[in-house]
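What follows is a set of notes on a single structure, which appears directly below.
For the numbers below, each heavy atom of this structure counts, side chains included, while hydrogens, waters and symmetry mates do not. Throughout, residue positions are numbered sequentially from 1 according to the sequence presented.
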Amino acid sequence: MWLGPAQGPELGLSPQVPEIHRFIIDELDRLDKIAPARFERKTVEPQLSTLFRKILGEAWAG
């Protein structure tokens, strides 16, 4: 979860480049809007866990 530009520990370490700063903020906002909802992730997690275990089994079997 993005905490916003004023809460990052690196704030003030170097001057901001306005174009890059604006791009990063815009992208983080955009990603927050398209992120899958929690209920969607819950249906995918068991499938990913099964796939991960299968791949581990194949990798360690050889």
Side-chain angles (χ1 to χ4, degrees):
M1 177 178 206
W2 182 56
L3 298 176
Q7 296 175 355
E10 65 281 349
L11 184 66
L13 294 179
S14 63
Q16 289 182 357
V17 177
E19 294 81 6
I20 294 173
H21 182 75
R22 183 80 247 148
F23 171 79
I24 291 171
I25 289 175
D26 290 346
E27 283 299 297
L28 290 172
D29 288 341
R30 183 183 69 82
L31 291 173
D32 279 342
K33 291 175 185 168
I34 64 170
R38 169 81 50 200
F39 73 90
E40 292 175 5
R41 289 187 293 218
K42 286 186 177 187
T43 61
V44 173
E45 287 172 7
Q47 296 169 355
L48 290 174
S49 292
T50 301
L51 176 63
F52 180 69
R53 289 185 185 102
K54 179 181 177 187
I55 291 171
L56 279 180
E58 292 175 6
W60 287 97

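Evaluation of the side chain to side chain contact (heavy atoms under 4.5 Å, CB included) rule for Leu48 yields Val44 as partners, not counting sequence neighbours. Residues satisfying the salt bridge (Lys or Arg N to Asp or Glu O under 4.0 Å) test with Arg30, not counting sequence neighbours, are Glu27. Applying the side chain to side chain contact (heavy atoms under 4.5 Å, CB included) rule to Leu31 yields the partners Ile34; only residues at least two apart in sequence or on another chain are considered. Residues satisfying the side-chain hydrogen bond (donor to acceptor under 3.5 Å, both in side chains) test with Glu19, not counting sequence neighbours, are none.
Ile25 CD1 to His21 NE2: the interatomic distance, rounded to the nearest 0.5 Å, is 3.0 Å.
Each of Phe52 and Ile55 belongs to its own hydrophobic cluster when Ile, Leu, Val, Met, Phe, Trp and Tyr are linked at side-chain heavy-atom distances under 4.5 angstrom. The hydrophobic cluster containing Trp60 does not contain Leu51, counting ILVMFWY residues as joined when their side-chain heavy atoms lie under 4.5 angstrom apart, directly or transitively.
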